[in-house]
Asks: 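First the structure, which I've put down as structure tokens, then a few questions once you've had a look.
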Amino acid sequence: MTESLHKLQYAEMVINNLYVDSVDEVKLVEDGIRGMLSKLDPHSSYSTPKEVKELKEPLDGNFEGIGVQFNMMEDTLIVIQPVSNGPSERVGIIAGDRIISVNDTAIAGVKMSKEEIMKRLRGPKGTKVVLGVVRSGIGETLTFTVVRDKIPVHSIDATYMIRPGIGYIRIGNFSATTHQEFIESLRQLKAQGMQHLILDLQENGGGYLKAAVDIADEFLHRGDLIVYTNGRRVPRTDYTANGHGAFMDGRVVVLVDGYTASAAEIVTGAIQDQDRGLVVGRRTFGKGLVQRPIDLPDGSMIRLTIAHYYTPSGRCIQKPYTKGDAKDYAMDMVNRLKSGELTNADSIHFVDSLKYETLREHRTVYGGGGIMPDYYVPLDTTLYTSFHRQLAAKGIIIQQNLRFVDNHRKELKERWTDFADFKQNYEVPQSLLDAVVAEGEKQNVKPKDEAELEKTLPYLRLQMKALIARDIWEMSEYFSIFNESSEIVKKALEVITDKRYSRDPY
């Protein structure tokens, strides 16, 4: 035992035995671990057993529960969609149902938190839960006994043909099932005539390294370097393509922004450095630190940084940071906005020492943290008015959409059976926009003048249409509508259809 370790144990023992008030020994130790880690990099962290379970669920690709997408309207749970062929759908629960009780315990009208409701609905596979359900048009409360099961958590948000011959896939995170989902998305799009692909990694915070490597592998040729890691106590490890990719021909454009991080940056960097595709958007987050999960005996976990990620050209993905200064690191996006980086390409400057070259076409790319796109698209700060931001922050937009769809679900589904027809011809009723504005006024959220209101309405109208499409169909339809207004998506379509796109590197 080292002298330092003995000192640490002795301090804990003294505090536990002699401190004037009683102490929680478990919390004391946890705080000590957190204190040590806080003096390191921004991504080394400690998680309690409960936090570990919550963190793993979206990355494991499933959880155990009743299988419904839901939202809370006031204090009532409304089913948006039952998971296809999930336990709730199998017993007859449908969109629009209100779940008011779980095992004879009321969950509606009692101000129960969303977290507490989820805790009651979830449970081990094979266990039963009795749900009290109120359904529109039926006077009495319905009772359903649902046998909980494994519920898939999809990491691909959208898959659709954005233009003839051009597919679009948006990946939300990199989980254990992402690669399998991606292959299925490619299969669907190829069946619809896809020749080129827009891969949307905006707001993708990362996930499993293996998932990122497997996705990049689908684009690259045998032996192409995807990423490598290197650390003080960890030797360099190279990850290369196996040459059996499912999309090795056809143009590729990757969409990124300031919240594209970690595993998503690995995929972006590999495609850019190997000249396999072009990158459109804004500089990515810059998380290039490798964490090793270290399980502790009580189920808690330390995620300790052990190495850096490097792109094939040798760029370190990690942006600069000061050890122990988490606040400055967390303010990075605010600092980017203040410096003009998010709104003006002329505000971005790189020193010559950060210059690198792509591996085939020898194009200049830059290191220094994050991946800088080949085509920069400034953030449109005029798109969201202050009035819109406040409406969104208070949940008014979501709540009014939920109320509208709940009241008109049957007629919407009967009238709009074809999404292409809906996308082209559906118009959000003025009454819905008026309801949003009126609810805002009730909660003291008002436009500063008539000009701000008029500026807010077009984007609000588009948002409501996309949300209605999501509730009638799925997230692919939501993005199909929303993407038509995205400057980054517009630029991607321009780039991917440009005859000067790029020389074919292969």
Asks: Between Asn483 and Tyr160, is the side chain to side chain donor-acceptor pair (under 3.5 Å) condition met? List the steps.
Replies: CA-CA 11 Å; Asn483 282 340; Tyr160 72 98; 3.0 Å; yes

Asks: I would like to know whether Thr284 and Thr260 meet side chain to side chain donor-acceptor pair (under 3.5 Å); could you show each step before the answer?
Replies: CA-CA 5 Å; Thr284 62; Thr260 303; over 6 Å; no

Asks: Less than 4.5 Å apart, side chain to side chain, heavy atoms only: is that true for Lys413 and Ile472?
Replies: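 Result yes, sub-4.5 Å side-chain heavy-atom pair found.
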
Asks: With no hydrogens and no angle check, is any side-chain donor or acceptor of Thr497 less than 3.5 Å from a backbone partner on Leu493?
Replies: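 Yes; judged by distance alone, with no hydrogens or angles, the pair exists.
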
Asks: Would you mind checking if Arg461 and Glu427 are paired as a salt bridge, meaning a charged N to carboxylate O distance below 4.0 Å?
Replies: no

Asks: Take Ile99 and Val134 through the side chain to side chain contact (heavy atoms under 4.5 Å, CB included) test and state the conclusion after the steps.
Replies: CA-CA 7 Å; Ile99 300 176; Val134 171; over 6 Å; no

Asks: How many angstroms lie between atom CG of Asp380 and atom CD of Glu487, to the nearest 0.5 angstrom?
Replies: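 Here the rounded value is 6.5 Å.
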
Asks: Would you say that Leu209 contacts Val290 through its side chain, given a criterion of any heavy-atom pair below 4.5 Å between the two side chains?
Replies: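 They are not in side-chain contact.
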
Asks: Looking at Phe285 versus Tyr259, is the centre-to-centre ring distance below 6.0 Å?
Replies: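 Here the rings of Tyr259 and Phe285 have centres that are no less than 6.0 Å from each other.
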
Asks: Should the heavy atoms of other residues, nucleotides or ligands under 6.0 Å from NZ of Lys119 be counted, would the total exceed 12?
Replies: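 No, because the 6.0 Å sphere around NZ of Lys119 holds 12 heavy atoms or fewer from other groups.
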
Asks: Working note: Glu116 + Arg120, criterion salt bridge (charged side-chain N to carboxylate O under 4.0 Å, His left out); need CA distance, chi angles, decisive distance, verdict.
Replies: CA-CA 6 Å; Glu116 180 63 26; Arg120 291 174 183 276; 3.2 Å; yes

Asks: For a quick test of reading the model, state the closest non-hydrogen atom pair linking Val133 to Ile100 and the distance between them.
Replies: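 Closest approach of Val133 to Ile100, heavy atoms only: N-CG1, 4.5 Å.
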
Asks: The test is side chain to side chain contact (heavy atoms under 4.5 Å, CB included); show your working for Ile171 and Leu199 and say whether it passes.
Replies: CA-CA 8 Å; Ile171 304 178; Leu199 179 62; 3.8 Å; yes

Asks: Is there a donor-acceptor pair closer than 3.5 Å between any side-chain N or O of Lys287 and the backbone N or O of Leu289?
Replies: yes

Asks: Is Asp97 close to Ile78 at the side-chain level, that is, under 4.5 Å between some pair of heavy atoms?
Replies: no

Asks: Report yes or no: does Arg276 contribute a side-chain atom to a donor-acceptor pair with the main-chain N or O of Phe219 at less than 3.5 Å?
Replies: yes

Asks: I'd like to check His196 versus Val252 (side-chain heavy atoms, cut-off strictly below 4.5 Å). Are they in contact?
Replies: no

Asks: Can you tell me if Ser44 and Thr305 form a side-chain donor-acceptor pair at under 3.5 Å?
Replies: yes

Asks: Looking at every heavy atom in both Phe482 and Leu462, which two are closest together, and how far apart are they?
Replies: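 Minimum heavy-atom separation between Phe482 and Leu462: O-CD2, 4.4 Å.
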
Asks: What I want to find out is whether Asp471 reaches Arg409 closely enough, with some N-O distance under 4.0 Å, to be called a salt bridge.
Replies: no

Asks: Any salt bridge (charged side-chain N to carboxylate O under 4.0 Å, His left out) pairs touching residues 199-218, not counting sequence neighbours?
Replies: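 Those involving residues 199-218 are Arg170-Asp200, Arg170-Glu203, Lys210-Asp214.
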
Asks: Is any side-chain heavy atom of Arg282 less than 4.5 Å from a side-chain heavy atom of Ile488?
Replies: yes

Asks: Does atom CD of Gln192 have more than 12 heavy-atom neighbours, drawn from other residues, nucleotides or ligands, at distances under 6.0 Å?
Replies: yes

Asks: Working to the nearest 0.5 angstrom, can you tell me the gap between Asp104 CG and Thr143 OG1?
Replies: 8.5 Å

Asks: Can the ring centroids of Trp473 and Tyr478 be said to lie less than 6.0 angstrom from one another?
Replies: no

Asks: Which is it for Glu184 and Lys190 under the salt bridge (charged side-chain N to carboxylate O under 4.0 Å, His left out) test, yes or no, and what are the steps along the way?
Replies: CA-CA 10 Å; Glu184 175 57 26; Lys190 284 179 178 179; over 6 Å; no

Asks: Is there a side-chain contact between Ile397 and Leu467, using heavy atoms and a 4.5 Å cut-off?
Replies: yes

Asks: Is any side-chain N of the basic residue among Arg283 and Asp257 closer than 4.0 Å to the acidic one's carboxylate O?
Replies: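 No.
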
Asks: I need the minimum non-hydrogen distance between Gln400 and Ala435, along with the two atoms involved.
Replies: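 Between these two residues, the closest heavy atoms are OE1-CB, 3.6 Å.
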
Asks: In Å and rounded to the nearest 0.5 Å, what is the CD to OH distance from Glu265 to Tyr309?
Replies: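 So the CD of Glu265 and the OH of Tyr309 are separated by 10.5 Å.
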
Asks: Check whether any side-chain heavy atom of Ile468 lies under 4.5 Å from a side-chain heavy atom of Lys465, and answer yes or no.
Replies: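 They are not in side-chain contact.
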
Asks: Give a yes or no on whether a salt bridge exists between Glu181 and Arg187, defined as a side-chain N under 4.0 angstrom from a carboxylate O.
Replies: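 Not counted as a salt bridge, because no side-chain N and carboxylate O are separated by less than 4.0 Å.
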
Asks: Does Arg470 pair with Glu474 as a salt bridge, N-O distance under 4.0 Å?
Replies: no

Asks: Should the heavy atoms of other residues, nucleotides or ligands under 6.0 Å from NZ of Lys455 be counted, would the total exceed 12?
Replies: no

Asks: Distance only, no hydrogens: is a donor on one side chain within 3.5 Å (strictly under) of an acceptor on the other, for Ser386 and Lys448?
Replies: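 Their side chains do not contain a donor-acceptor pair, so the 3.5 Å distance test is not met.
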
Asks: Output every pair passing side-chain hydrogen bond (donor to acceptor under 3.5 Å, both in side chains) with a member in residues 123-134, not counting sequence neighbours, ordered by first then second residue.
Replies: Thr127-Arg148

Asks: Return the CE to OG distance between Met301 and Ser45, rounded to the nearest 0.5 Å.
Replies: 9.0 Å

Asks: Would you indicate whether Arg292, at its atom CZ, is surrounded by more than 12 heavy atoms from other residues, nucleotides or ligands within a distance under 6.0 Å?
Replies: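 12 or below, so no.
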
Asks: So does Thr159 get a backbone contact from the side chain of Ser185, meaning a donor-acceptor N/O pair under 3.5 Å?
Replies: no

Asks: Look up atom CD1 in Ile162 and atom OG in Ser476, then write down how far apart they are to the nearest 0.5 Å.
Replies: 11.5 Å

Asks: Identify the two heavy atoms, one from Phe419 and one from Ala469, that lie closest to each other, and give their separation to 0.1 Å.
Replies: CE1-CB, 4.1 Å

Asks: Just checking Asp418: does its CG atom have more than 12 heavy atoms from other residues, nucleotides or ligands closer to it than 6.0 angstrom?
Replies: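 It does: Asp418 CG has more than 12 such atoms within range.
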
Asks: Check the pair Gln463, His388 against side chain to side chain donor-acceptor pair (under 3.5 Å), reporting the backbone distance first and the verdict last.
Replies: CA-CA 11 Å; Gln463 185 178 19; His388 182 275; 2.8 Å; yes

Asks: Of all heavy-atom pairs between Ile226 and Ala270, which one has the smallest distance, and what is that distance?
Replies: O-CB, 3.4 Å

Asks: Around atom CD of Gln399, are there more than 12 heavy atoms from other residues, nucleotides or ligands closer than 6.0 Å?
Replies: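 Yes - once you tally the heavy atoms of other residues, nucleotides and ligands closer than 6.0 Å, there are more than 12.
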
Asks: Might you confirm whether atom CD of Glu411 has over 12 heavy atoms from other residues, nucleotides or ligands at distances under 6.0 Å?
Replies: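 Buried by this count: over 12 neighbours within 6.0 Å.
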
Asks: Do Lys423 side-chain atoms and Ser480 backbone N/O form a donor-acceptor pair below 3.5 Å?
Replies: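 Yes, Lys423 side chain to Ser480 backbone: donor-acceptor pair under 3.5 Å.
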
Asks: Is the shortest side-chain heavy-atom distance between Thr48 and Val52 below 4.5 Å?
Replies: no

Asks: Decide, yes or no, whether a salt bridge links Lys27 with Glu30 under the criterion of side-chain N to carboxylate O below 4.0 Å.
Replies: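 No, this pair does not count.
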
Asks: Fit a plane to each ring of Tyr384 and Tyr459, take the angle between them on a 0 to 90° scale, and name the class: parallel (under 30°), tilted (30 to 60°) or perpendicular (over 60°).
Replies: perpendicular

Asks: Could you measure the distance from the CD1 atom of Ile93 to the CZ atom of Phe144? Nearest 0.5 Å is fine.
Replies: 5.5 Å

Asks: Using only heavy-atom distances, determine whether the side chains of Asn103 and Thr105 contain a donor-acceptor pair under 3.5 Å.
Replies: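 Judged by distance alone, the side chains do not pair up.
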
Asks: Please find the pair of heavy atoms, one from Asn173 and one from Thr178, that lie closest to each other, and give the distance.
Replies: O-OG1, 3.3 Å

Asks: Decide whether Thr456 and Thr385 meet the rule of one side-chain donor and one side-chain acceptor closer than 3.5 Å.
Replies: yes

